[in-house]
Undergrad: 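The structure that follows is given in the form of structure tokens.
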Amino acid sequence: MIFETLAGLIADQFAVDADSITMDTAFEGDLGADSVDIVELSMALEEAFDVAELGEEDLSGITTVGDLVKYLQSKLD
């Protein structure tokens with residue numbers, strides 16, 4: 001469920017097909033994300049998953065969609 005929701009958010013924000021997003025999709029390399037994109041995505045994640053604010057230190061180690069799924073799972077457990 002986390003992946004599906006996340007893929008939808010990413011598809012909307014980056015104007016890509018949700019079906020093209022995999023656990024290995026890299027934010028910078030595959031989606032061309034910059035720091036502003038990441039901040040916007042983190043705000044959408046906070047709302048969609050009802051998690052506390054995602055700090056820069058939390059986001060710094062996240063490079064792929066799979067990393068983000070694992071991070072969110074740890075926050076929601």
Side-chain angles (χ1 to χ4, degrees):
M1 181 194 130
I2 291 174
F3 175 77
E4 290 81 9
T5 303
L6 186 55
L9 291 171
I10 292 168
D12 287 345
Q13 183 170 343
F14 294 96
V16 296
D17 186 350
D19 293 335
S20 70
I21 297 168
T22 69
M23 294 287 276
D24 294 324
T25 300
F27 288 102
E28 287 184 25
D30 295 322
L31 298 171
D34 61 20
S35 59
V36 173
D37 293 324
I38 298 300
V39 169
E40 289 174 356
L41 180 60
S42 70
M43 291 188 301
L45 294 172
E46 291 161 12
E47 189 174 310
F49 291 99
D50 194 30
V51 293
E53 184 174 332
L54 307 179
E56 247 181 76
E57 64 280 355
D58 296 323
L59 298 173
S60 65
I62 295 172
T63 58
T64 67
V65 172
D67 293 339
L68 187 52
V69 169
K70 288 177 198 160
Y71 173 79
L72 288 169
Q73 283 175 330
S74 72
K75 288 292 194 184
L76 296 172
D77 286 344

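Predicted model, so just to flag it, every value in this text is computed and none were measured. Below, all heavy atoms of this structure are taken into account, side chains as well, without hydrogens, waters or symmetry copies.
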Undergrad: Evaluate the criterion side-chain contact (heavy atoms from CB on, under 4.5 Å) for residue pair Val51 and Leu76; output intermediate values, then yes/no.
TA: CA-CA 8 Å; Val51 293; Leu76 296 172; 3.6 Å; yes
Undergrad: Find the distance between CD1 (Ile10) and CG (Leu45) and round it off to the nearest 0.5 Å.
TA: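 So the CD1 of Ile10 and the CG of Leu45 are separated by 7.5 Å.
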Undergrad: Search all heavy atoms of Ala18 against all heavy atoms of Ala7 and return the closest pair with its distance.
TA: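 Answer, listing the atom of Ala18 first, then Ala7: CB-O, 4.1 Å.
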Undergrad: Give me each pair satisfying side-chain hydrogen bond (donor to acceptor under 3.5 Å, both in side chains) with a member in residues 66-77, each pair once, sequence neighbours excluded.
TA: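 Sorted result for residues 66-77: Asp58-Tyr71, Thr63-Asp67, Thr64-Asp67.
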Undergrad: State, to 0.1 Å, how close Ile38 and Leu59 come at their nearest heavy-atom pair, and which atoms those are.
TA: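 What the structure gives for the nearest pair is CG2-CD1, 3.9 Å.
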Undergrad: Quick one: pull up CZ in Phe27 and CG in Leu68 and give me the separation to the nearest 0.5 Å.
TA: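 Spacing of CZ (Phe27) from CG (Leu68) equals 4.5 Å.
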Undergrad: Atom CE of Met23 and atom CG of Leu6: how far apart are they, to the nearest 0.5 Å?
TA: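 With rounding to 0.5 Å, CE (Met23) is 9.0 Å from CG (Leu6).
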Undergrad: Distance from Phe3 atom CZ to Leu72 atom CG, nearest 0.5 Å?
TA: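 It comes to 12.5 Å.
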Undergrad: So, the side chain of Asp37 versus the backbone of Asp34: is there a donor-acceptor pair under 3.5 Å, distance only?
TA: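 Yes, because the side chain of Asp37 sits within donor-acceptor range (under 3.5 Å) of the backbone of Asp34.
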Undergrad: Say you draw a straight line from CG of Asp24 to CG of Asp30; how long is it, rounded to the nearest 0.5 Å?
TA: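 That separation rounds to 9.0 Å.
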Undergrad: Any sub-3.5 Å donor-acceptor pair from Glu47's side-chain atoms to Ala44's backbone N or O?
TA: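 Checked: no pair found.
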Undergrad: Of all heavy-atom pairs between Leu9 and Ala48, which one has the smallest distance, and what is that distance?
TA: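 In this case the closest contact between Leu9 and Ala48 is CD1-CB, 3.8 Å.
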Undergrad: Output yes when a side-chain donor or acceptor of Glu53 lies under 3.5 Å from a complementary backbone atom of Glu46, and no otherwise.
TA: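 Answer holds: no.
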